[in-house]
Amino acid sequence: MRCGCWLLALLAWPGGGLGQVSDDALLEQVQRRAWAFFDQQTDPLSGLTRDRAGNFAADSYTVASLAATGFQLAALTVAADRDWLPRDQAVARATRTLTFVRDRLRHEHGWLPHFVDQRSGARVWECEFSSIDTALFVCGALLAGDVLGGPVQELAQQLDERVDYRWMLAGGQLLSHGWTPERGFLPYRWDTYSEHLLLTLLALGAREPLGPELWRAWRREPWGAWGGHETYAGPLFVHLFPAAYLDWRGRRDCVTGRDCGALITAAARLNQAWCVAEGAAGRRAYGPTCWGLSATDTPTGYRALQPPPGRPLDDGTICPWSVAGALPLAPELCFPLLRALAADPATFGRYGFPAGLNRDRGWVAPDVIGIDLGAALLLLENHRSGLPWRRFAAIPRIARALRAADLQRPGDPPMRQTHVSLRGDDFLLNGQPTWPGRTFRGHRLEGLLFNSRMVQGIFDDRNPATVGQWAYPDGPYDRDRNTREFIAAMPLWQQHGLNAFTLNLQGGSPQGYSREQPWHNSAFDDDGHLRADYLPRLQAILDRADELGMVVILGYLYFGQEPRLTDEAAVCRAVDEATDWVLAGGYTNVLIEIANECNVRYRHAIVQPARCHELVERVRSRSAGRLLVSVSLGGGAIPPDNLLAASDFILLHGNGVGEPDRIRQMVDTVRSRPAYRGQPVVFNEDDHFAFDQPDHNFLAAVSRHASWGYFDYRMRGEGYAEGFQSVPVDWGLNSARKRGFFGLLREMVGR
């Protein structure tokens, strides 16, 4: 093998080769060295990542690749999850990269250059504005945004949404490879099997999506078989790059019926089998521990090498990183090669394996290539934890794309229609702010979530001594009738502008306000397990809300019922099982309220204000950030700093607050606190009804850009039509108070 000063430098590298370590320890080292590339080869000012770097000696490269930069963003999620990098630093780095790309890089209809100067971001080599490199960048940005949240998610969404997929069709049915100002659109289309699968999915799930015919239009070729393995032809990277972000196993192509994941696995197995056969036939370049034909550096330059089907294109060079990437697909074939190369300092540099290796010529590539390391790092993480696969597939615009391409698989959560997210202090539905451009009396309504407390939608008293209190005027209480009438009324609320309501798994006082609560209304048993008989009614309400484009603020615990949970373990079990149930249902229109008024008569310390942030963080961790979580305090109270810091949105209650200026003061106080992070402020409970007055709590909240929630209960001596809190409930708009609120709301939003 070539042995110059770069090899001497490698031999001095700490821990140069790996001995007999465990499989997991081996993968940790391989991943850590791949991460070192993104850590060290990303410019600290621009956040752009070099296309390549010397693996054994210093280099003078200055060109960054947008695809490598996208893999850097994705690598940050792994580094933060594995504590290689503090999370706040990962957020800062991703924010810096995305801000620079948004503000400093030239783009064409949202499409980014293939190569740029690492410091300035200037396009180099008259390269194309590349469709696939932009797609790989966007995939990394979306994953980073989903995992790291906050400004990273906002910036990723901005960059994603500005990409104009229809423009890249260039008047045809399939996406072009790219465009240059010097020559216009490139003459090539993504018309056969290749790494474009990610690009095509992005186009199907975009804000202005291309139709599902785009997925059906590309030709399912080149196709063939060798050695008993049947799959698409091509270098290994064309199979692996789409698999870095998405688990294709069990996803059947709607055109051919073929299992896409099985074909990727077959490609890896065919690649290895062909190299083993060639080695057995006398070619020392190949064998069980020397295989992996892909696009890589070779002794004669960068080339795309491939085995059959079709005519082989090879010169004895393998790409070790392609084998590292194939490990989740065929670990028993990959580990021997990775272990052999990692044990040899001549083939395991400061960033891990070389870009290429040719035993026939005694040649080891001096460089590594960023996109190879990035894809392999993600695929190894998918083998170890599944984090990239799990998070990427659940991103709403990716879930929409999978549905459009008919790539759902058995066991996937249902594809939902309504997705709630945050951008600063605004709420977004399906990526767009609520009430776009709408104002009322000079106050901005865009981004507000108008809601009503409807917590008794699944009410069911299990205490035989009290259940008789809740009879309808025309007969005994019926829990299924209650839910049916609730669902029947939902379109009416939505037509008046209500885009959210609060539901609670332990309900609320069916008397409106009450000191003691002998009734037993809870979706949990005393040990914290979910009760199966509650779930169909809950599911029916959440499903209908999803269809109507409505958000549900789902409360878990209520102070009158929480004491029935036997201990803290039961509380945690209740929180965990409720969270798992929401996630299993694929609901993306649900916000979580851990506890209603956690400072009011809760028995268990973990639910009380000093510790309730633990439950907030528990749900966020268990849902991998997929669910937005908060907790409320009693009327007029301001959450303490631990809850302000932990919550994704801030819940306030205006109960008992009779002066609108106090509502304004509450919002101002929250936003002035050091622990406040710019989250939306939401009143989801307020019993101030002076809607006919020039000033009232509803208007006061709106004047401070805070969402407001209507809380109506049946007061002493009032009839069945009054109140939404008191059981039995008339879910229609059949009282003066209800008509007052819904009438004003309808006027506000212009319905």
Side-chain angles (χ1 to χ4, degrees), residues 420-422 427 449-459 498-509 521-524 530 534 538 541-542 545 550-562 565 571-572 574-579 581-583 587-602 604 606-609 611-620 622-623 626-635 637-640 642-655 670 679-686 706-711 724-725:
V420 61
S421 59
L422 308 179
F427 285 97
L449 202 63
F450 298 124
N451 63 96
S452 177
R453 183 171 171 83
M454 310 290 202
V455 296
Q456 310 294 19
I458 53 175
F459 180 82
L498 196 77
N499 51 10
F501 57 83
T502 299
L503 197 66
N504 198 296
L505 297 180
Q506 292 193 320
S509 170
N521 172 38
S522 179
F524 309 107
L530 275 174
Y534 266 74
L538 174 61
I541 291 175
L542 297 188
M550 300 181 77
V551 173
V552 179
I553 304 171
L554 183 62
Y556 286 177
L557 306 173
Y558 183 65
F559 57 81
Q561 300 296 313
E562 172 265 359
L565 295 169
V571 172
C572 292
V575 167
D576 289 350
E577 289 201 8
T579 300
W581 186 88
V582 173
L583 293 171
Y587 292 108
T588 54
N589 63 326
V590 174
L591 305 173
I592 302 301
E593 179 181 11
I594 290 291
N596 177 75
E597 300 186 349
C598 68
N599 60 335
V600 180
R601 301 198 308 278
Y602 278 90
H604 302 289
I606 196 170
V607 193
Q608 296 167 9
R611 291 186 58 201
C612 199
H613 67 280
E614 296 175 29
L615 294 177
V616 173
E617 291 161 356
R618 188 182 187 94
V619 173
R620 182 182 294 110
R622 195 170 186 88
S623 71
R626 185 107 0 239
L627 296 176
L628 301 171
V629 195
S630 189
V631 62
S632 64
L633 276 73
I638 304 298
N642 64 315
L643 298 183
L644 286 177
S647 297
D648 293 305
F649 54 99
I650 308 303
L651 284 175
L652 299 178
H653 284 184
N655 306 39
V670 165
Q679 308 101 305
V681 177
V682 184
F683 289 85
N684 74 325
E685 189 170 337
D686 194 332
S707 303
W708 193 80
Y710 174 65
F711 171 41
F724 286 131
Q725 175 86 3

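Please read these numbers as outputs of a predicted model, since none were measured by experiment.
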Is Glu614 paired with Arg611 through a side-chain N to carboxylate O contact shorter than 4.0 Å? yes
Donor-acceptor pair, side chain of Gln561 and main chain of Asn521, under 3.5 angstrom: yes
Residue list, side chain to side chain donor-acceptor pair (under 3.5 Å) with Glu577, at least two apart or on another chain: His529
What heavy-atom pair brings Val571 and Ile606 nearest, and what distance separates the two atoms? CG1-CG2, 3.9 Å
Val552 and Leu591, any side-chain heavy atoms less than 4.5 Å apart: no
Looking at every heavy atom in both Thr579 and Ser623, which two are closest together, and how far apart are they? CG2-CB, 4.3 Å
Write down the atom of His613, the atom of Ala646, and the distance for their closest heavy-atom approach. CB-CB, 3.9 Å
Take Leu651 and Val631, measure what side chain to side chain contact (heavy atoms under 4.5 Å, CB included) needs, and give me the verdict at the end. CA-CA 6 Å; Leu651 284 175; Val631 62; 6.0 Å; no
Exam field: side chain Asn589 to backbone Met550, donor-acceptor pair closer than 3.5 Å: yes
Rounded to the nearest 0.5 Å, how far apart are CG of Asp648 and OG of Ser421? 11.5 Å
Before giving the answer on side chain to side chain contact (heavy atoms under 4.5 Å, CB included), spell out for Asn504 and Asn596 the whole-Å C-alpha distance, their side-chain angles and the decisive distance to 0.1 Å. CA-CA 9 Å; Asn504 198 296; Asn596 177 75; 4.2 Å; yes
So OG1 of Thr588 and CG of Leu542: to nearest 0.5 Å the spacing works out to 11.0 Å
What heavy-atom pair brings Val590 and Leu554 nearest, and what distance separates the two atoms? CG1-CB, 3.8 Å
Check: Gln725 side chain, Ser509 main-chain N or O, donor-acceptor pair, under 3.5 Å: yes
Please report the shortest heavy-atom distance between Leu422 and Pro680, naming the atom on each side. CD2-CG, 3.8 Å
Restricting to salt bridge (Lys or Arg N to Asp or Glu O under 4.0 Å), what partner residues turn up for Glu685, sequence neighbours left out? Arg453
Answer yes or no: is there a side-chain heavy-atom contact under 4.5 Å between Val682 and Phe427? yes
How would you list, by chain and number, every residue that makes a side chain to side chain donor-acceptor pair (under 3.5 Å) with Gln679, sequence neighbours excluded? none
Quick one, Ile592 with Leu628, criterion side chain to side chain contact (heavy atoms under 4.5 Å, CB included). Give me CA distance, side-chain angles, the key distance, then yes/no. CA-CA 6 Å; Ile592 302 301; Leu628 301 171; over 6 Å; no
Hey, are Asn684 and Glu593 close enough side-chain-wise for a donor-acceptor pair under 3.5 Å? yes
Close side-chain approach of Cys572 and Arg618, heavy atoms under 4.5 Å: yes
Please enumerate all residues that pass side-chain contact (heavy atoms from CB on, under 4.5 Å) together with Ala500, with sequence neighbours excluded. Leu449, Asn451, Val551
Check whether any side-chain N or O of Ser630 sits under 3.5 Å from a backbone N or O of Ser647 as a donor-acceptor pair, and report yes or no. no
Using the test salt bridge (Lys or Arg N to Asp or Glu O under 4.0 Å), find all partners of Arg622 that sit at least two apart in sequence or belong to another chain. Asp576, Asp580
Nearest non-hydrogen partners of Gly654 and Phe683, listed with the distance: N-CD2, 3.8 Å
Pairing residues for Asp686 by the side chain to side chain donor-acceptor pair (under 3.5 Å) criterion, not counting sequence neighbours: Asn697, Trp708
Can you name the residues that form a side chain to side chain donor-acceptor pair (under 3.5 Å) with Ser707, not counting sequence neighbours? none
Applying ring-ring contact (aromatic ring centres under 6.0 Å, His included), name anything that partners Phe459, two or more places apart in sequence or on another chain. Trp470, Tyr477
Which residues pass the side-chain contact (heavy atoms from CB on, under 4.5 Å) test with Ala645, sequence neighbours left out? Ala675
Return yes if some donor-acceptor pair links the side-chain N/O of Asn599 with the main-chain N/O of Leu633 below 3.5 Å, else return no. no
Side chain of His604, backbone of Leu565: donor and acceptor closer than 3.5 Å? yes
Straight-line distance of Glu597 CD to Leu557 CG, nearest 0.5 Å: 13.5 Å
Excluding sequence neighbours, so at least two apart, what forms side-chain contact (heavy atoms from CB on, under 4.5 Å) with Ala578? Leu505, Phe524, Tyr556
Go through the steps to decide whether Ile553 and Phe501 satisfy the test side chain to side chain contact (heavy atoms under 4.5 Å, CB included), and finish with yes or no. CA-CA 6 Å; Ile553 304 171; Phe501 57 83; over 6 Å; no
By side-chain contact (heavy atoms from CB on, under 4.5 Å) - contacts of Ser452 (at least two apart): Met454, Leu498, Tyr710, Phe724
Residues that Tyr587 engages under ring-ring contact (aromatic ring centres under 6.0 Å, His included), provided they are two or more places apart: Trp581
Would a 4.5 Å heavy-atom cut-off, applied to side chains only, mark Leu538 and Leu503 as touching? yes
